[in-house]
Asker: 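Got a structure for you, questions after.
Since this is a predicted model, take the numbers as computed values, not measurements. Numbered from 1 within each chain, the chains take letters A, B, ... in sequence-line order.
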Amino acid sequence: MGMAERKHALNVKRSEDFSAWYQAVIQGAELAENASVRGCMVIKPYGFAIWERVQRLLDDKFKELGHVNAYFPMFIPVDLFEKEAEHVAGFAKEMAIVTHHRLEQQNGKLVPAGELETPLAVRPTSELIIGESMARWVKSYRDLPVLVNQWCNVVRWEMRTRMFLRTAEFLWQEGHTAHETEAEARAEATQMHEVYRWFILDVLKMFGIPGKKPDYDRFAGAVDTYTIECMMQDGKALQAATSHYLGQNFAKAVGIEFQGRDGSLNYAHTTSWGISTRIIGGLIMSHSDDDGLNLPSAVAPYHIIMIPMLKADNSQAVLDYCNKIKASLPRDVRAFLDTREFSPQNKKWDYVRKGVPLILEIGSNEVKSESVYFTKRLFLEKQSMSLNEFAKSVEQLIAAHDEMLKTHCEEACEKRINRDVSSLYEMRDFFRSNQNGFVIAKWAGKNDKLELLDDMSISIRCIPSLQSGAPGRCVLTGEEAATDAVFAKSD
RNA sequence: CGGGAAGUAGCGCAGCCUGGUAGCGCAACUGCCUUGGGAGCAGUGGGUCGGAGGUUCAAAUCCUCUCUUCCCGACCA
């Protein structure tokens, strides 16, 4: 076209280097930074504000459904893990262990002394330590169900870490419940699966396919694992939240036993479910662009930023007018007036990188004409409006932002779903040529991994729990194909 | 944990091969100028060159070790 390309707010393009771009978004929006400790991150105030929104929305929902919050220790005696064989096998390799309780000076160096008799694991998840409590709390069917949740940090010593997506320490919420019957526990697991679907798809406007994990990929110790498999803008899958029906495995391991209605002793049926700070990485990779972050309004720290365009002769009038704008907005609209003494231009691009949905620039002209001039973050469209009209329609503007975010993300992802693959070889070709995406195909339901796909890091992400769109075709000729499965690459 | 790359000012980088006063762009600060839009000009401040040890008269530069980060695998939320 001959037109010079617009300068972008980030200096890395998503299409050129996805992973460098991902990190540039985080840095540009001041979400987090690497800590000096391997694999750990500092979540900066703006990033944490997003997490606080996530917490608030989910916590309200959990409580609405009858759950209560509690707190359990972060140290778990290692021998407690020995009680559930599959569970410990699944987590052993990534466990951080505390072996000492004291430091001593030796040649000017601090060295651990006072070895512990029983080493303590730093929790990678809390099924066992919470189950141990539940075993004390539950005597009768009348004590059930137990519906607890905790917001906490957990540690998994991963080999390769990526900010928000896989850090050695991360924040999450873990719900743990115990029930009288299998049916009740299964209903709980699927209910929380639906809560996560609602949150990730409807609230965060991400694209994902809710479903069940194939047997070989369940949570260690679970009977059934449900997941929301989200598609990122590089076409790869991200497991965004999981809920598990644990059967009686953990109840037997720690002794959650109760006397039933008929007088007999029974083991409870338990569930667990969680979502972590990984979801912020998912948000970034779902909605951000070459100008930085884009946020759905539900978790955006600010809906509106007002940048005053101050000159020597107008500053009070402009500031007064900004406050008037703020006062005229509905209460639940989060508007912020940035009076810091940086240049308005730099402030504007800061907020573009931070993904604030509506960025207002207010100067003398706006004061004179009682209007607002603003940039809509998503496509950087500029618009002018009378203050009256703006105050009346601001909620619609925000709703429109969310709607566009949703549509934009969904359409891009739908385009990358392939339901026409009819053999594993065709699947390989698809992933080789199409820069990733999801393949939906019939799968025979066998537990073995599909080794033909292993070398390409393609795996079955889930067996969708809701039918949407046309069914996939069979990829294993001669097999009795039962269900659709989602195949994708993941990091 | 295997293979590769990298760490120099807040950010992005040059300098290293061939050892000799720590540099550039952006950002910041001061002044002037400009004023509807990521301005311009001049000036200023900011670095124990990731850390430790070694070689040397002299180390950002050479050697050894170590920490951290990034990429590709394996593993996983």
Asker: What's the gap between B/A22 and B/G47 when it is taken at their P atoms, as a whole Å value?
Answerer: 13 Å
Asker: Closest to the A/M159 side chain: B/A74, B/U69, B/C11?
Answerer: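 Given the options B/A74, B/U69, B/C11, the side chain of A/M159 is closest to B/A74.
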Asker: Counting the atoms with a prime plus P, OP1 and OP2 as sugar-phosphate, which does A/S19 contact under 4.0 Å by heavy atoms, base, sugar-phosphate, or nothing?
Answerer: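 Sugar-phosphate only.
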Asker: Please list, pair by pair, any protein nitrogen or oxygen found under 3.5 Å from a nitrogen or oxygen in nucleotides 31-38 of chain B.
Answerer:
{"from": "B/U35", "atom 1": "O2'", "to": "A/K311", "atom 2": "NZ", "distance (Å)": "3.2"}
{"from": "B/G36", "atom 1": "N7", "to": "A/N365", "atom 2": "ND2", "distance (Å)": "3.3"}
{"from": "B/G36", "atom 1": "O6", "to": "A/S364", "atom 2": "N", "distance (Å)": "3.4"}
{"from": "B/G36", "atom 1": "O6", "to": "A/N365", "atom 2": "N", "distance (Å)": "2.4"}
{"from": "B/G36", "atom 1": "O6", "to": "A/N365", "atom 2": "OD1", "distance (Å)": "3.3"}
{"from": "B/G36", "atom 1": "O6", "to": "A/N365", "atom 2": "ND2", "distance (Å)": "3.2"}
{"from": "B/G36", "atom 1": "O6", "to": "A/E366", "atom 2": "OE1", "distance (Å)": "3.4"}
{"from": "B/G36", "atom 1": "N1", "to": "A/E366", "atom 2": "OE1", "distance (Å)": "2.7"}
{"from": "B/G36", "atom 1": "N1", "to": "A/E366", "atom 2": "OE2", "distance (Å)": "3.1"}
{"from": "B/G36", "atom 1": "N2", "to": "A/E366", "atom 2": "OE2", "distance (Å)": "2.9"}
{"from": "B/G37", "atom 1": "N2", "to": "A/Y373", "atom 2": "OH", "distance (Å)": "3.3"}
{"from": "B/G38", "atom 1": "O4'", "to": "A/W349", "atom 2": "NE1", "distance (Å)": "3.4"}
{"from": "B/G38", "atom 1": "N9", "to": "A/W349", "atom 2": "NE1", "distance (Å)": "3.1"}
{"from": "B/G38", "atom 1": "N7", "to": "A/W349", "atom 2": "NE1", "distance (Å)": "3.1"}
{"from": "B/G38", "atom 1": "O6", "to": "A/K7", "atom 2": "O", "distance (Å)": "2.8"}

Asker: Taking the six-membered ring of A/Y22 (Phe, Tyr or Trp), confirm whether the NZ or CZ of A/R162 is under 6.0 Å from its centre and within 45° of its axis.
Answerer: yes
Asker: Looking at A/Y46, I'd like to know if the NZ or CZ of A/K354 sits under 6.0 Å from its six-membered ring centre while staying within 45 degrees of the ring's axis.
Answerer: yes
Asker: Please classify the nucleic acid contact of A/S276 as base, sugar-phosphate, or nothing, using heavy-atom distances under 4.0 Å.
Answerer: base
Asker: Could you give the OH-to-C1' distance, from A/Y22 to B/U69, as a whole number of Å?
Answerer: 15 Å
Asker: Do A/W51 and A/F164 have ring centres separated by under 6.0 Å?
Answerer: no
Asker: Does B/C72 have its OP1 or OP2 closer than 4.0 Å to a side-chain nitrogen or oxygen of A/R160?
Answerer: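 Result: yes.
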Asker: Over all strands shown, is A/I279 touching base, sugar-phosphate only, or nothing at heavy-atom distances under 4.0 angstrom?
Answerer: nothing
Asker: With a non-hydrogen cut-off below 4.0 angstrom, is A/D491 in contact with a base, only sugar-phosphate, or nothing?
Answerer: base
Asker: Taking the six-membered ring for Trp, are A/F374 and A/F390 closer than 6.0 Å centroid to centroid?
Answerer: yes
Asker: Using a 4.0 Å cut-off on protein heavy atoms (strictly under), produce a 5'-to-3' string for nucleotides 40-53 of chain B with B for base contact, S for backbone-only sugar-phosphate contact, and - for none.
Answerer: --------------
Asker: Give the rounded distance in Å between these two atoms: NZ of A/K44 and P of B/G10.
Answerer: 12 Å
Asker: Roughly, in whole Å, what's the span from CE in A/M163 to P in B/C70?
Answerer: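 The answer, rounded to whole Å, is 6 Å.
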Asker: Hey, does the side chain of A/R156 come within less than 4.0 Å of B/C75's phosphate (OP1/OP2), counting only N and O?
Answerer: no
Asker: Which nucleotide, if any, forms a Watson-Crick or G-U wobble pair with B/G25, using both distances under 3.5 Å?
Answerer: B/C11
Asker: Counting heavy atoms not belonging to A/N388, are there more than 12 under 6.0 Å from its CG?
Answerer: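 Count not over threshold, so no.
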Asker: Pair up each side-chain donor or acceptor in residues 125-134 of chain A with any protein partner under 3.5 Å, not counting sequence neighbours, and list the distances.
Answerer:
{"from": "A/T125", "atom 1": "OG1", "to": "A/E127", "atom 2": "OE1", "distance (Å)": "2.6"}
{"from": "A/S126", "atom 1": "OG", "to": "A/Q150", "atom 2": "NE2", "distance (Å)": "3.3"}
{"from": "A/S126", "atom 1": "OG", "to": "A/E174", "atom 2": "OE1", "distance (Å)": "3.4"}
{"from": "A/S126", "atom 1": "OG", "to": "A/E174", "atom 2": "OE2", "distance (Å)": "2.7"}
{"from": "A/E127", "atom 1": "OE2", "to": "A/S272", "atom 2": "OG", "distance (Å)": "2.6"}
{"from": "A/S133", "atom 1": "OG", "to": "A/R136", "atom 2": "NH2", "distance (Å)": "3.2"}

Asker: Can you tell me the pairing partner of B/C1 across any strand shown, Watson-Crick or G-U wobble, with both distances under 3.5 angstrom?
Answerer: B/G73
Asker: List the steps, then state whether side chain to side chain contact (heavy atoms under 4.5 Å, CB included) holds for A/E169 with A/V155.
Answerer: CA-CA 4 Å; A/E169 179 193 21; A/V155 168; 4.2 Å; yes
Asker: Under 4.0 Å between a side-chain N or O of A/Q239 and OP1 or OP2 of B/C76?
Answerer: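 It does not, given that no N or O in the side chain of A/Q239 lies less than 4.0 Å from OP1 or OP2 of B/C76.
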Asker: Indicate, with yes or no, if the rings of A/W21 and A/H8 have centres closer together than 6.0 Å.
Answerer: no
Asker: Would A/K213 and A/E229 count as a salt bridge (Lys or Arg N to Asp or Glu O under 4.0 Å) if you check the C-alpha gap in whole Å, the side-chain angles of each, and the deciding distance to 0.1 Å?
Answerer: CA-CA 10 Å; A/K213 279 288 182 190; A/E229 290 296 321; 3.0 Å; yes
